[in-house]
Structures are given as C-alpha cells and as structure tokens.
2 protein chains.
Amino acid sequence: MATPAALPLSPAVRKFIVHWGEMGSSWGVNRTVAQIHALLYIAPRPLTAEEIAGTLSIARSNVSTSLRELQGWGIVRVAHVLGDRRDYFESMRDVWEMFRIILEERKRREVDPTLSVLRECVATIEKTRPADPEAKRRLGDLLEFMETMDSAYREFRMLSITDLRRFLKLRGGVRKVASLILSR
Amino acid sequence: MATPAALPLSPAVRKFIVHWGEMGSSWGVNRTVAQIHALLYIAPRPLTAEEIAGTLSIARSNVSTSLRELQGWGIVRVAHVLGDRRDYFESMRDVWEMFRIILEERKRREVDPTLSVLRECVATIEKTRPADPEAKRRLGDLLEFMETMDSAYREFRMLSITDLRRFLKLRGGVRKVASLILSR
DNA sequence: CGGTGGTTTCAGTATATTCTGAAAGCGGAG
DNA sequence: CTCCGCTTTCAGAATATACTGAAACCACCG
C-alpha cells in the first residue's frame, strides 16, 4: 500500500523527522512543514514534491503549500535537473546560516511589530491625563528590555558566521569577556 | 452586560494585552494564557481569578487552568490578602529575570530532548552497516551546532542579570569582543 | 456535621488549524 | 489548437486545540 514514490528511510532518520515535526509544533511551525524541512535537510539529493508526498504520506497539495512556506522563509529552494520538467527541492545545508536566517525572519515578523506596539502604547499613555504611572512604568520596562535585546542582536548580526562560531565555542569565553569589559 | 468584576483598562493597556496574546500564539503559547500573563504583569496589584475572568471575558475555569500553567512556568505566583480567603495572583515584575526563566524552561522542555534524540539518531546510524554517511554527516552537523549553542547558553547563564544587562547594553561591545578574543 | 465561599476537574461544544482531492492553471511539444 | 505532465488553488472534511458550564471538591466556620 506504500505510495509509489516513497523513499526508503532508516529508522534513525525516520525518528529525526518525526521529532523535528513535533519540535516545530511547539515553536509555532506547522508540523508538516517542519517534517518536510527535516526530510529535505537530510536527503542526499534534491527531491520532487511527489517524492516528499510519498515518503511522508501526505497529500501532494499539502506538500505544495508547505514548500511554498519554506521558500518564504528562505531555507528551501528549487533546483532543476537537465531534461526533467519537474521541480526539485533542496534545503540549505549550512546549519549556522539557516539559524541566522530563521532568527532574522522571526525577529522581523514578531519582535519588530511588538516593538512598535509597545512604543505606541507608551506614547498613548503619556498623552493621557492623568497618565497611569503604573502601566507606563511596566510597559516602559518591557520596551527598554526589548530594545536592549534588539540592539544587542543587531551587533551580533554583524559578526561573520565564522567569528560567531568561534566566539560561541570559546570555553570560559563569557567569563573572560565579563571581566575584561564589565569590570571597572 | 459587563461582568461585575471587570477591571477598567485604558485603551493602551487593552491593546498591549491583545497584542501579547497574539505574540504568544505564534510562539506556541496559548493566546489566553499570554493575555492573562500580560494583564497580571501590567496590573498595579495582584488580581483574583474572578477579576481576571471578568476583565478578559473568559470562563472562570479557563482562568484556573491558565493560571496553573503560568505557575508551572514559574512567572506567576499566588499571594494572599489578610482576612480574604480568595487567591490573588501576581506576575513576576523583573523583565530580565522573567526572560531568563522562560529561556531556561524552554531549553529544558524543548532543546534538551532534541539533543538526546539527535544523539540517539547519530548513535543508531553509527551502529548500522553500511552506515549512511550522508545522513550521519547531516545529523552530526546539527548536533554539533546545538551542542555549541547549549554550552554557550550555559556560560551566559552564569552571568548575573546585572552583568548580562551591562554586557548587552554595551554599544560596539560585540566588535570589541571580536577583536579582543577572536583575533590571534 | 451542614453550609458557604472559593477552586479545580472534566465531558461536551465551539473554534481554529491542517489536510485532502478535485478542479483549474500553466507552459511546452507536437 | 490541443494534449500532456506537472503545479497550484480552494472548498469542504478531518483533526486538534481551546473554552465553557456544570458538577465535584476542599477547607474553614458556626
């Protein structure tokens, strides 16, 4: 009863795909989308939509939509094979780069809008009389926190992947930094 | 038709609560739970479950469940008023501390399990013959990435909130660090 | 004890999300 | 122009998630 185009997957790979799907769910990513991503990431070559559908037992149309979303995130792209009219899909392979892209995208879609909302709220409260000092303070704190995070992120973003990697891999590095920069 | 115990909320506060709820959704947190958290965070004093239900127009029982979840995360706790049998609930107020707690909790619930799964998968593949070199490499890369992130996180976690705050607030700090530590 | 004020549980309902299959779209080949 | 292989769209079906209200529970009080 297996769909014709199903790829053979080892148990380990199967397990990984399933887990990645669940992980996705709890991070607000559709399970199927995450599974497709996992499959493409681990596959040794680009796959057709048909193969993906067969392998994961999901409808062809569902694959189409999900692939579109993954392309929207910029971590999957189409490739072509000479003499073959079908679209082949492949995932970005560099994990660090992928991480960077996803982070950037989530910031853009979620953090940035929150920052504007917070700014608007604070502004509105300030215009109100009598201003509600409690609420103003709380929203202000939150806004300040997010702005600090935001600019710290912008700074880290400027590092090359290689430097970022080296930095994060330093053992005891953080403590060194702390004593170097923070003590005065 | 307003529920008796509804608190008066300014439009700005209202907007904040609604937005926070939506934010929650896209991060895998139930909208209602996020709204309650927002309300408690901004409220000038601890609130009863009744007040929360009234203010947000949700069922009393729903509030109960959601509060339990927030307590599970460790960012909301009960307080009591002398001579009043009811439970009052209040949110943690320090945004940085709250962030730290949420991060820790998500790591524990999501990153740690993923790390084990990846380790298991890699181990399984290694035992298989002939081992699938492609898959092994891909899973290995991912595992290495997550392990690096994990230990970097552990290091940062050792900083006091104050130091962390100072560190993230340094302008140009990252570049300084980069040249200090990375160049050799 | 039985009553009172409050909290929690849970089965059923409502809502939102995801998935499917059939139909429409698209572009090249003949 | 029409057929063919492939892709996308979309209305409705299936599923998962969130929410409600009624009932059970609990602890204290008289």
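By convention in this document, chain letters (A, B, ...) are assigned in the order of the sequence lines, proteins followed by strands, and residues within each chain are numbered from 1. As the structure is a prediction and not an experimental result, all values here were calculated from the model. Computed over heavy atoms, backbone and side chain alike; hydrogens, waters and symmetry mates excluded.
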Calculate the interatomic distance between [X] atom [atom1] and [N] atom [atom2]; express it in whole Å.
X	N	atom1	atom2	result
A/L67	D/dC6	CG	P	16 Å
B/E69	D/dC19	CD	P	11 Å
B/Q71	C/dT8	CD	C1'	12 Å
B/R86	D/dC28	CZ	P	17 Å
A/R68	D/dT7	CZ	P	13 Å
A/Y88	D/dT7	OH	C1'	15 Å
B/I52	D/dC19	CD1	C1'	16 Å
B/H80	C/dG5	NE2	P	17 Å

SB check B/R86 B/E51 (cutoff 4.0 Å):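 Not counted as a salt bridge, because no side-chain N and carboxylate O are separated by less than 4.0 Å.
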Has the side chain of B/R60 got a donor or acceptor atom that lies under 3.5 Å from a matching backbone atom of B/A49? no
Should the heavy atoms of other residues, nucleotides or ligands under 6.0 Å from CZ of A/R100 be counted, would the total exceed 12? yes
Any chance you could list the contact pattern along nucleotides 14-30 of chain C? Use B for base contacts, S for sugar-phosphate-only contacts and - for none, protein heavy atoms under 4.0 Å, 5' to 3'. ----SSBB-----B---
Which heavy atom of A/T55 sits nearest to which heavy atom of A/A5, and what is that distance?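 Nearest heavy atoms, A/T55 then A/A5: OG1-O, 4.1 Å.
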Test side chain to side chain contact (heavy atoms under 4.5 Å, CB included) applied to B/M98 and B/S91, step by step: CA-CA 9 Å; B/M98 218 152 64; B/S91 163; 4.0 Å; yes
Give the cluster check for B/M23 versus B/M92: same hydrophobic cluster or not, with ILVMFWY residues linked at side-chain heavy-atom distances below 4.5 Å. no
